[in-house]
Amino acid sequence: MSPTVFQQADALHPALSDPKNVQYTYTDPLSEVPALSGVDASFDGSTPIIDMEGLLGPRRSEFIKQIGHACEKNGFFAVRNHGIPEMKISNMLDTARDFFHLPEEERLKFRSSDPDSIIRLVTGFQDKTRNIFVSRQSLKFHCHPVEDFKSHWPSTPPSFREKVGEYCASVRKVEVAILEAISESLGLERDYIDRLLKGHYVSINYYPACQESELDVTHGVRTHTDPTIITILMQDDVPGLQVINDDKWIDVNPIPDAVVVHVGDMLQALSNCRYKSLLHQAIVNCERERVSIASYCYPSDDAAIGPAKKLIDDDHPAIYKDFTYKEFHESMWRVKCSTAKRLDLFMAESD
Ligand code: OGA
Ligand code: NI
């Protein structure tokens with residue numbers, strides 16, 4: 001999920017803008033934000049690619065090992081043969097573009113000051129501390145089950161509800177299958193993580209092409225981790241996503257017909273830090289606009305997010321204490337931080 005949700009919280013939540021009501025725990029050190037011109041954008045071939053069809057066949061255990069290895073070593077991987085029909089993907093991307101090409105007043109109808117609202121539009125903004133413009137615009141909304149939320153979504157463009165609904169239902173299936181594989185890769189029951197699941201939230205991200213003269217001071221999305229179990233990111237064909245691997249920034253360029261899956265904060269906690277939440281960001285370019293669709297699954301309020309008992313022993317003491325999703329979600333308003341450091345509030349030794 002994007003840091004905007006949290007970093008703009010004080011501006012959006014009237015109660016939070018009163019300093020008496022807020023006790024910020026952490027802030028992101030500026031050193032975490034790399035200078036845009038200094039990014040060591042790298043080589044291709046660095047993205048592990050998993051063929052999801054393999055999970056359905058007789059070599060399932062081999063594919064589960066590959067997924068476990070990618071989560072542990074890289075924190076992300078691309079998935080091919082995920083089963084989302086090509087047509088649903090192109091319809092989703094076209095609908096996303098159509099929405100962001102609507103006149104501003106049409107889009108701004110979805111602007112909301114409530115970060116927990118069913119749907120809301122987030123616009124670009126100036127980050128004065130870092131002297132950069134964060135250009136991403138996004139439409140964020142709940143979508144599982146689709147029928148419960150559809151009536152809140154835009155009715156312009158007219159195909160929005162149908163096309164977005166189809167994509168959301170398909171990506172949810174991928175999410176469940178990947179979470180089953182991730183549970184197994186940790187030696188947990190296949191449905192360990194699925195049992196915690198409740199909703200699903202999508203962010204349609206739109207990055208306008210940037211003026212050449214502004215490129216140095218424009219960022220797509222600043223460095224962050226997602227407060228999810230996993231995130232499934234579908235990108236159009238314009239590069240922009242970068243992740244930290246082996247202490248270096250690398251480009252995760254779009255791979256045709258593949259989606260990117262990455263580890264989020266809650267999986268870091270559940271796995272007792274075996275899988276680390278991925279630090280990532282998005283950059284912009286001057287030639288083409290870019291669209292990406294991020295799908296975030298979230299657990300039910302009472303879901304236990306602390307390390308799975310099976311992963312704790314004398315050699316692997318619990319790094320986090322037991323906590324619920326509700327506690328994690330509520331604490332995010334006290335943490336002015338957009339990385340997995342927000343989990344530090346739940347460290348075992350802080351008891
Ligand atoms: C996000 C995000 C990156 C991208 O939506 O949380 O990190 O490439 N998006 O759009
Ligand atoms: Ni993200």
Side-chain angles (χ1 to χ4, degrees), residues 1-9 28 32-34 36 39 41 47 74-79 89 92-93 96-97 99-100 115 119-125 127 134-143 164 167-168 171 175 200-210 218-245 249-255 258-268 276-285 288-298 332 337-343:
M1 200 168 293
S2 90
T4 12
V5 178
F6 313 114
Q7 288 170 345
Q8 287 184 323
D28 296 322
E32 261 178 32
V33 183
L36 289 181
V39 168
T47 303
N74 307 83
F76 77 103
F77 52 92
V79 175
I89 293 184
M92 175 78 218
L93 291 171
R97 269 180 225 109
F99 176 80
F100 280 100
I119 182 159
R120 72 190 190 99
L121 180 87
V122 179
T123 52
F125 63 96
D127 175 343
V134 179
S135 73
R136 181 180 71 163
Q137 302 168 27
S138 51
L139 185 69
K140 298 168 184 298
F141 49 89
H142 289 266
C143 55
V164 172
Y167 176 80
C168 292
V171 82
E175 201 163 74
H200 182 184
Y201 189 78
V202 155
S203 177
I204 300 184
N205 302 317
Y206 177 75
Y207 303 91
C210 172
T218 307
H219 211 129
V221 172
R222 296 165 298 178
T223 310
H224 67 284
T225 64
D226 290 356
T228 54
I229 304 176
I230 54 169
T231 299
I232 299 188
L233 188 80
M234 200 254 291
Q235 318 183 63
D236 66 6
D237 59 341
V238 182
L241 176 65
Q242 297 185 324
V243 308
I244 289 195
N245 250 221
W249 280 110
I250 60 168
D251 291 323
V252 181
N253 290 335
I255 299 174
V259 293
V260 172
V261 176
H262 70 78
V263 175
D265 298 351
M266 282 181 272
L267 183 53
Q268 173 167 323
K276 307 251 178 357
S277 197
L278 183 75
L279 271 169
H280 58 289
Q281 64 181 13
I283 56 166
V284 290
N285 70 83
R288 291 177 65 194
E289 63 185 12
R290 172 170 181 261
V291 169
S292 75
I293 317 292
S295 296
Y296 318 109
C297 49
Y298 61 89
M332 288 197 302
C337 171
S338 53
T339 68
K341 279 201 181 67
R342 58 192 152 220
L343 282 174

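Below, each value reflects all heavy atoms present in this structure, side chains not excepted, and no hydrogens, waters or symmetry copies. Here the structure is a predicted model, which is why all the values come from computation and not from measurement. Each ligand, and each atom within it, is numbered from 1 in the order the structure gives. Residues: numbered from 1 along the sequence shown.
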J.: With heavy atoms under 4.0 Å as the rule, classify the contact between Tyr206 and ligand 1 as side chain, backbone, both or neither.
T.: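 It is neither; nothing of Tyr206 touches ligand 1.
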J.: Between the side chains of His224 and His280, does any donor sit under 3.5 Å from an acceptor?
T.: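 There is such a pair (donor and acceptor under 3.5 Å, judged by atom type) between the side chains of His224 and His280.
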J.: Is there an N/O/S atom in His280 at a distance below 2.8 Å from the Ni ion (ligand 2)?
T.: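 Yes, within the cut-off.
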J.: When rounded to the nearest 0.5 angstrom, what distance separates CG in Leu343 from OG1 in Thr225?
T.: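 Reported to 0.5 Å precision, the distance equals 7.5 Å.
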J.: Near Ala294, which atoms of ligand 1 are under 4.0 Å from a heavy atom of that residue?
T.: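 In order of numbering, the contacting atoms are 5 (O).
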J.: Tell me whether ligand 1 is touched by Gln281 - counting only heavy atoms on the residue side and a distance under 4.0 Å.
T.: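 No, Gln281 has no heavy atom closer than 4.0 Å to ligand 1.
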J.: Mark up the atoms of ligand 1 that fall under 4.0 Å of a heavy atom belonging to Arg136, in ascending order.
T.: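 Near Arg136, the atoms of ligand 1 are 1 (C), 5 (O).
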J.: Any atoms of ligand 1 less than 4.0 Å from a non-hydrogen atom of Tyr207? List them with their elements.
T.: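 Those atoms are 3 (C), 4 (C), 9 (N), 10 (O).
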J.: Once rounded to the nearest 0.5 Å, what's the spacing between atom OH of Tyr207 and atom CZ of Arg288?
T.: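 Those atoms lie 15.0 Å apart.
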J.: Kindly confirm or rule out an N or O of Ser203 lying under 3.5 angstrom from an N or O of ligand 1.
T.: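 It does not: no N or O of Ser203 is found under 3.5 Å from an N or O of ligand 1.
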J.: Do Thr339 side-chain atoms and Lys341 backbone N/O form a donor-acceptor pair below 3.5 Å?
T.: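 Yes: the side chain of Thr339 pairs with the backbone of Lys341.
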J.: From the options Val202, Asn205, Val221, select the one whose nearest heavy atom is closest to atom 9 (N) of ligand 1.
T.: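 Heavy atom nearest to atom 9 (N) of ligand 1 belongs to Asn205.
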J.: Which ligand 1 atoms, with their elements, are less than 4.0 angstrom from a heavy-atom of Tyr296?
T.: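 So the answer, numbered in order with elements, is 1 (C), 5 (O), 6 (O).
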J.: Looking only at atom types and distance, does a side-chain atom of Asp226 sit under 3.5 Å from a main-chain N or O of Gly264, one as donor and one as acceptor?
T.: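 No.
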J.: For ligand 1, note which part of Asp226 has a heavy atom under 4.0 Å away: side chain, backbone, both or neither.
T.: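 Within the 4.0 Å criterion, Asp226 contacts ligand 1 through side-chain atoms alone.
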J.: Checking the side chain of Gln242 only, and the main-chain atoms of Trp249 only, is there a donor and an acceptor separated by less than 3.5 Å?
T.: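 No; zero donor-acceptor contacts below 3.5 Å.
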J.: Can any side-chain N or O of Asp251 pair as donor or acceptor with the backbone N or O of Asn253 at less than 3.5 Å?
T.: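 Not a single qualifying donor-acceptor pair exists.
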J.: Side chain, backbone, both or neither: which applies to Thr231 and ligand 1 if a contact is any heavy-atom pair less than 4.0 Å apart?
T.: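 Neither part.
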J.: Just to be sure I read this right, does ligand 1 sit under 4.0 Å from the backbone of Arg290, its side chain, both, or neither, counting only heavy atoms?
T.: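 Side chain only.
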J.: Decide yes or no for Cys297 and Ile230: does some side-chain heavy atom of the first lie under 4.5 Å from some side-chain heavy atom of the second?
T.: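 The answer is yes; the side chains approach within 4.5 Å.
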J.: Find, among atoms of Asp226 that are N, O or S, the one nearest to the Ni ion (ligand 2), and state its name.
T.: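 Restricting Asp226 to its N, O and S atoms, the minimum distance to the Ni ion (ligand 2) goes to OD1.
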J.: Below 4.0 angstrom from a heavy atom of Ser292, which ligand 1 atoms are there? Numbered from 1 as shown, please.
T.: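 In order of number, 4 (C), 10 (O).
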J.: Find out whether Gln137 and Phe99 are in side-chain contact, i.e. whether some heavy atom of one side chain is under 4.5 Å from a heavy atom of the other.
T.: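 When only atoms from C-beta onward are counted, Phe99 and Gln137 do not touch, as no gap falls below 4.5 Å.
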